[in-house]
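Please read all numbers here as calculations on a predicted model, not as lab measurements.
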Amino acid sequence: MAEYIVMPKMGLTMTEGFLTNWKKSEGDIINTGDVLFDVETDKLTNSYEAKSSGILRKILVREGTVNVLEPVAIIGSSDEDISDLLKKEETVDAVANKEIKAPSIAQSEAPAAGGRIKISPRAKKIAQDMGVDISIVVGTGPGGAITEDDIKSFAEKPSQKKVSPTALIVAEQLDVDTNKIQKETRIMKDDVIKFKLSEELMKYASPLETRAPMTTMRKVIAKRMLESVQISPTVNYNLKVDTTAMKQLKEDLKETVKVSYTDILVKIVSMVLLEHPLLNSSIEGNEIITRNYVNMGVAVALPDGLLVPVVKYANVKGLKDISKEIINLGQKAKNNELTTDELTGGTFTITNIGMFGIESFTPIINQPEVAILGVNTIEEEARVVDGEIKIKPMMNLSLTADHRVVDGAVAASFMAKLKQYIEKPGMLLL
């Protein structure tokens, strides 16, 4: 009964072999044990011996790489009909060719008949090492087989892109020009897909950049902030305070006057600064200027920048007057109505961004001052009070101080006293 002669599996890890050097021709009588052809693998070359006797009716693969157990010939009796075996082989080849049909490169570069590429294991290994796609290499060996020299010559072509067969198929399907893909090593399928996605994303995003000159305010802010960082060697201090009493004070006063947390803090900080004059000072040449008054700068955010109007002599003003003045200055800032006098002469600055949920930040000193206090959001936190766990409204204060004047101990003492006043605002009456 006619049967296939198949590519033998000569090892556990063998998946394919290179068939070469047929010892028999079609029509020859075959006896069990006759050597039919040679098989090359990456490691060795073996001769294949016939497993049965008969007539070699048809050689299906004369030379080339063949998967293990794939038919390479048909053996049977001289008068036996082998048309069914031939049809099966043709069907297998047709399906294989349809599934792995690659875009046309050039007629002279097409693979050998049946979709098989004639190449020795050694040449194939060199191709893998050099990143050469053997499907687009023209073989110059016997029967169009690809030789080692073919691989080396192909790799030396400066204009030749190294693209895997699958990548070529995907590139054709996605209409991608692989020459546009910037990659030193071999272009793979994922590279093509990534490039296509990038192209589509760019089309969808419609990226646009605009340029606009900096406003005068923005230029001034940029100049002063840069100068501040260059002039002052700063140290930052953070401390959490319990705002229970301050919230209660705000609530108690609302029927008489509506005050904000910033209003209350301006008053408290003004009083504490008088006890810590170095934080309310400035440097002029080799002299440190200290004061017995506080001109409190209150940062106001605007759509195109930041202004710091000044509450003059805040230490001697009542909470009601401070609140009215801050509201008035804020309104004038938004209407671009502030005078030069209202923007100069500050000795310390408070900047509050707690309303945006900020937990901590590092404010930049407003020159020629030597310190600035950042006010953060109030959050409910579990705290231990008298041995019991209680939920408290805690606020983080962020102080930036110029170390040329304010040492760590002085800054820490200021923060500790500030905490004391905030948690016991009744001390303002003393």
- Could you list the residues that satisfy salt bridge (charged side-chain N to carboxylate O under 4.0 Å, His left out) with Asp177, not counting sequence neighbours? none
- Item | By ring pair (Phe, Tyr, Trp, His ring centres under 6.0 Å) - contacts of Phe195 (at least two apart) | none
Could you verify whether a donor N or O on one side chain and an acceptor N or O on the other, from [X] and [Y], lie under 3.5 Å apart?
X: Glu16; Y: Thr65; value: no
X: Glu359; Y: Thr377; value: no
X: Thr234; Y: His403; value: no

- Message: For a 4.5 angstrom cut-off between non-hydrogen side-chain atoms, does Ile151 reach Ile134?
- Response: yes
- Is any side-chain heavy atom of Tyr48 closer than 4.5 Å to a side-chain heavy atom of Asp38? no
- Glu251/Lys247 ion pair, N-O < 4.0 Å: no
- Would you mind checking if Glu199 and Lys203 are paired as a salt bridge, meaning a charged N to carboxylate O distance below 4.0 Å? no
[X] side chain to [Y] main-chain N or O, any donor-acceptor pair under 3.5 Å?
X: Lys312; Y: Asp341; answer: yes
X: Asp263; Y: Ser260; answer: yes
X: Ser228; Y: Arg224; answer: no

- Task: Inspect the surroundings of CD1 in Ile391 and state if more than 12 heavy atoms from other residues, nucleotides or ligands are less than 6.0 Å away.
- Result: yes
